[in-house]
Engineer: 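Before we start, here is the structure in question, set down as structure tokens.
Every chain is numbered from 1 and lettered A, B, ... according to where its sequence line falls, protein lines coming before strand lines. What you are looking at is a predicted structure, and each value in this text was computed from that prediction instead of being measured.
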Amino acid sequence: MFRPIQKFLFNRSSSRGLIAIIIFLLFWEVCSRSGVWFGIPVPWIGKVPAPTAVVHAWIPMLSDSGYWTSWLLSIKRVYIGFIFAMVIGIPFGLLLAINRTAYGLIFPTFEVFRPIPPLAWVPVAIIFWPTNEMSIAFVTFLGAFYTIVINVLGGAQAIDQRFFQAARSMGSSQGDVFKRIVFPAVVPSIAVGASVGMGITWNVVIAAEMISGGGSDGGGKGGGLGFFIWDSYLNNSYDLIVVGMISIGIAGYLSSGLIRIIGDHFTKWTRR
Amino acid sequence: MEQRNNKNTPGEIVLSGVTKYYGIGESKKAVIEDCSLTIEAGKLSVMIGPSGCGKSSLIRLIAGFEKPSSGTITIDGKPIRGPGKDRLVVFQESALFPWMTTEENISFGPIARSEVNTESQNLAKFLIDKVGLSQFKKKFPNQLSGGMQRRCELARALINSPEVMILDEPFRGLDEMTKELMWEYYANLYEETRQTNFFVTTDIDEAVFLADRLIIMTNTPTKVAQIIEVDIPRPRKLSTLFESDQANEIKSRILKILHVEAMKSFKGGSKAAADFIEAASKRAVSNTV
Amino acid sequence: MNKIMLKLNLNLREESLIRKLLSPRFFLMITGFVIFLCFWHLSVEVWQLPRFAQLPTLRAVVTEFISTNPIYGVSIFTHELYQHILASCLRVFAAFILATLLGVPLGLFLGWSTKFREYVFPVFEMLRPIPILAWVPLAIVMFTGIETPVIFLAFLGSFFVTALNTMLGVQQIDESYFRAARCLGANSFQVFKHVVIPGAMPFIFTGLQISVGVCWFSLVAAEMVSGQYGLGYIINTSYTNVRYPTIIIGMITLGFIGYITSAMVRSVGKSLMKWRMRELALSEG
Amino acid sequence: MTNSPQTRGQISIKDVVKIYDPEGAAVMAVDHCSLEIAAGEICMIVGPSGCGKTTLLNAIAGFHSINGGSIEMDGQLLCGPGKPQATPGSDRIVVFQNGALFPWKNVIDNLMFGPLMSGKLPFNEIKEKALYMMADAGLSGTENSFPGELSSGVKRRVEIVRALMNDPSVLLLDEPYRALDSLSKSVMHEALLDIYAKNKVTIFFITHDLQEALFLGTKLAIMTTRPCKPKKILTVDIPYPRSYSVVTEKRFRDLMEETSHLVHEEAKKSFAAGEKEG
């Protein structure tokens with residue numbers, strides 16, 4: 001386990017990366033404290049809380065239960081929307097790929113709605129769904145659903161014709177062709193759709209939490225990370241805004257990392 | 001793999017007056033025009049012709065992936081309606097399923113037809129050893145070399161014991177050395193089973209070395225230019241290709257006919273017939289989905 | 001269309017011929033739209049299903065949309081709708097151009113020089129995972145006024161997408177093109193101009209198409225939270241003031257404008273890359 | 001358009017060693033290889049795939065460095081002690097295995113790229129030269145098409161003409177006709193010999209097709225499997241111009257016989273080692 005870290009630290013390219021990050025943090029610290037970088041006045045950064053202030057504000061948060069409940073709430077909302085999008089999106093995409101009639105009937109209507117950004121659905125979702133929680137989940141679902149369907153459809157249509165010919169001439173039935181040709185060939189596109197979809201769901205959850213005031217059962221700091229940063233803004237505690245932003249960044253990074261690991265597991269055959 | 005005698009071997013394919021058009025309206029072009037030929041059962045017939053002359057379209061017709069515009073194709077008297085395990089194709093680019101290991105690829109046929117039994121499993125094991133891929137059982141196709149992929153595809157076809165093996169320039173793209181080794185390997189495979197084989201190529205040496213019966217095709221729209229019986233004794237060895245005078249005599253005859261055909265399609269510059277056919281047949285394949 | 005053959009469309013020539021007669025593509029598309037609209041009308045107005053009942057009816061939305069003096073003041077004939085469209089489009093335009101002018105060069109250098117990438121990319125990757133909309137409160141704090149934070153947010157989303165796709169575009173260029181250019185006597189600048197930029201172009205335009213989508217995505221959210229004008233703002237305020245039909249009007253306009261802007265980027269891409277278009281045409285036929 | 005008779009393009013490869021070091025596992029690709037190529041000669045390098053032939057070509061072209069020995073051209077040091085990597089230049093132009101015509105430039109722009117970059121000649125003079133050479137190689141009519149629209153045979157010819165537009169001393173060809181089917185190959189061979197007769201440039205040609213090597217080459221170097229070094233060097237004394245019927249003549253078949261068992265030994269070694277292609 002030690003060998004890769006040691007390799008990481010001492011090889012030239014990663015040490016450069018480290019230096020750059022340190023310089024970036026220094027730049028951020030100096031500018032937000034003094035608003036000046038070697039005498040040159042720097043606009044905007046002055047209002048951003050300095051890294052040290054952020055860390056300082058973060059420590060008490062670690063023991064604050066409200067902070068962690070907002071983590072859990074946001075993660076719950078992201079994964080509910082995401083899993084629904086996968087469970088409904090993948091079969092829907094496959095159906096459109098396989099059945100030409102369904103494609104002709106449904107895909108144009110599907111395409112008309114695609115340019116509407118998911119967050120434009122928030123008001124309609126709030127009207128339609130009984131609880132605030134369900135409307136956030138619906139909008140999150142919508143965000144990932146479009147990406148997954150488009151990727152599955154693209155993957156299925158890109159399958160080379162000769163695989164079907166080979167399978168049919170060896171006597172496989174249509175069901176067999178679907179199970180052993182179409183589905184395995186589409187798995188890599190599902191993995192791509194999932195990782196892109198995950199990125200979108202985090203964006204949507206944060207925004208939905210901000211717009212709809214943190215959801216009914218949350219309230220206060222427990223309203224999810226989106227509400228957490230909006231609430232910190234309303235209370236002028238700017239350090240906490242950056243704390244929230246970084247926490248969301250970490251949560252987002254870990255989730256897409258998880259999706260990538262699962263995806264790699266199912267697409268071993270694509271690598272050399 | 002018992003040896004079948006020629007008399008009652010199945011797999012005689014008869015093409016009579018076959019024509020095939022691609023494109024519609026004014027871009028309609030005949031790729032195969034009134035082509036009649038017989039692929040004799042139990043023989044290794046090799047078809048050779050300039051690139052893009054319509055050989056691959058002929059294969060798609062025999063394999064049943066496409067229907068001829070006119071004329072009929074029959075196998076042992078029965079008209080061909082669609083693809084079937086009696087006529088299996090080994091494509092030019094590998095059609096191994098990239099997501100299946102060598103083992104899964106080879107036993108695809110029996111599993112697809114749910115005919116998996118001890119006999120088919122033994123046959124699978126026998127074939128994997130025969131093609132020398134025993135240590136590559138669990139490997140995926142992109143982890144195999146070109147030569148290994150070809151042998152795996154041959155095994156995948158053979159396990160279904162088809163009446164006719166159809167090969168569309170299977171060794172093109174392999175480096176010359178592997179290609180020559182594959183010639184000898186494939187010839188021995190045929191000599192063991194004497195199964196009807198229909199092999200398509202543009203390589204004159206490959207054609208002369210493999211063929212019992214040589215069918216030379218003209219430029220597009222393609223039809224039979226000449227048929228030559230090649231009675232070089234079997235089993236054939238690579239050295240025979242250089243030493244035997246008969247092989248060389250046949251080679252120079254083919255050269256005379258085909259060099260003229262190749263020059264005709266080449267001289268047309270970028271819009272030569274060859275390019276049009278190549279693009280047209282690619283389109284034809286893509287829009288059958 | 002009594003018995004639509006729901007067979008696998010992987011069957012061969014003869015079946016596809018029969019299917020062509022039954023359902024030409026256009027006819028199916030229309031049926032799809034009609035079914036959706038009927039379902040909307042029936043479920044909301046006629047059957048008044050639970051949950052659906054509160055939604056604005058199809059008739060209310062249509063009448064509002066095309067009436068000369070709409071109840072809530074927003075329809076295709078009123079000045080207000082175009083004011084919002086203009087506000088949103090200007091913001092997207094500003095953000096998109098800024099993201100392209102900064103993102104493409106950065107992406108080209110990230111792809112082209114390893115030294116530059118080793119320094120800059122880690123910082124870039126450190127900021128990228130933070131979802132764009134998490135910047136909303138900080139943007140409001142950092143920038144005074146209403147317009148700049150909204151534009152900054154739209155810019156941020158598309159900047160990361162553009163830079164990343166441009167970098168990938170440069171990295172996927174085949175090594176032999178660089179070698180061929182070197183062989184033919186091109187110096188580094190000439191290689192950059194004649195190989196790196198045209199070679200990365202297809203990826204740059206994929207990036208730009210996604211970036212337009214991301215622009216609209218982040219703009220709507222920013223407008224909903226802190227905007228004064230714009231389609232996101234109108235959608236949100238129509239909800240708070242219980243003017244439900246205008247919400248749908250806002251959404252339809254947003255979808256329409258979004259589609260047009262990405263179509264514009266696509267056509268610019270097509271005109272710049274004639275060589276690719278001809279190549280794709282030949283292969284698809 | 002004939003350049004000065006065979007004074008340029010003499011290459012001497014002395015004792016060259018090349019060791020790759022992927023993740024520390026040192027792999028020797030070229031092992032003390034020495035080879036003399038006279039000016040204006042067609043030198044064919046034959047050997048199993050993946051044996052290091054391309055590494056030799058990359059060293060001459062200046063894409064890779066060498067770890068030992070030296071390579072000189074016309075007396076000047078390309079690379080050797082003190083200068084491990086040669087600088088690429090338009091005196092040694094490579095034609096790559098799967099082609100490197102710029103897909104975003106049409107044929108005429110591709111051809112004019114080299115001279116335009118070096119900036120020695122004015123634009124219209126370059127254009128005139130390009131049109132002349134295209135007509136000469138039977139390519140007129142394809143000026144405005146893009147590489148993506150051309151057949152692989154035509155693309156190959158355009159790439160060779162693009163190289164010759166810069167009057168190189170040496171043409172470095174890396175299995176240029178590998179993707180072509182055998183029949184078009186025979187036609188391409190005659191086209192290459194035709195261009196060679198007019199331009200008298202030294203050709204360093206890598207192939208694994210023995211028949212192609214014997215048909216084209218004046219000198220044949222048969223290489224061992226990795227790490228590659230010349231196993232046998234022989235001169236092909238068939239007179240030029242050669243037409244394709246020479247393949248069935250007695251002298252050609254004797255040469256084939258003499259060299260084929262050498263080549264097959266090497267192929268069997270790499271085949272057995274499960275060497276993946278290329």
Engineer: Take atom CD in D:E128; do more than 12 heavy atoms of anything else shown fall under 6.0 Å from it?
Structural biologist: no

Engineer: For D:N144, is it the side chain, the backbone, both or neither that has a heavy atom under 4.5 Å from a heavy atom of chain C?
Structural biologist: backbone

Engineer: Which atoms of D:L172 come close to chain C, meaning under 4.5 Å heavy atom to heavy atom: side chain ones, backbone ones, both, or neither?
Structural biologist: neither

Engineer: So which residue, D:F63, D:F113, D:F102, ends up with the most heavy-atom pairs under 4.5 Å with chain C?
Structural biologist: D:F63

Engineer: Which heavy atom of D:M117 sits nearest a heavy atom of C:L184, and at what distance?
Structural biologist: CB-O, 4.1 Å

Engineer: When heavy-atom pairs shorter than 4.5 Å are enumerated against chain D, which of C:H194, C:M273, C:R182 gives the highest number?
Structural biologist: C:H194

Engineer: Does C:F256, at its CZ atom, have more than 12 non-hydrogen atoms belonging to other residues, nucleotides or ligands within less than 6.0 Å?
Structural biologist: no

Engineer: Is the count of non-hydrogen atoms from other residues, nucleotides or ligands lying under 6.0 Å from C:F192 atom CZ greater than 12?
Structural biologist: yes

Engineer: Search all heavy atoms of C:S176 against all heavy atoms of D:G99 and return the closest pair with its distance.
Structural biologist: OG-O, 4.2 Å

Engineer: Take atom NZ in C:K193; do more than 12 heavy atoms of anything else shown fall under 6.0 Å from it?
Structural biologist: no

Engineer: Under the 3.5 angstrom rule, does the side chain of C:W275 hit a backbone N or O of D:P147 as a donor-acceptor pair?
Structural biologist: no

Engineer: Using non-hydrogen atoms only, which part of D:D91 is less than 4.5 Å away from chain C: side chain, backbone, both, or neither?
Structural biologist: neither

Engineer: Do you know the tightest heavy-atom contact between C:C183 and D:R92?
Structural biologist: SG-O, 3.5 Å

Engineer: So does C:F116 have more than 12 non-hydrogen atoms from other groups sitting under 6.0 Å from CZ?
Structural biologist: yes

Engineer: Are more than 12 heavy atoms from other residues, nucleotides or ligands located less than 6.0 Å from atom CZ of C:F121?
Structural biologist: yes

Engineer: Tell me, with the steps shown, if C:R179 and D:F96 meet side chain to side chain contact (heavy atoms under 4.5 Å, CB included).
Structural biologist: CA-CA 9 Å; C:R179 288 183 170 170; D:F96 296 86; 3.5 Å; yes

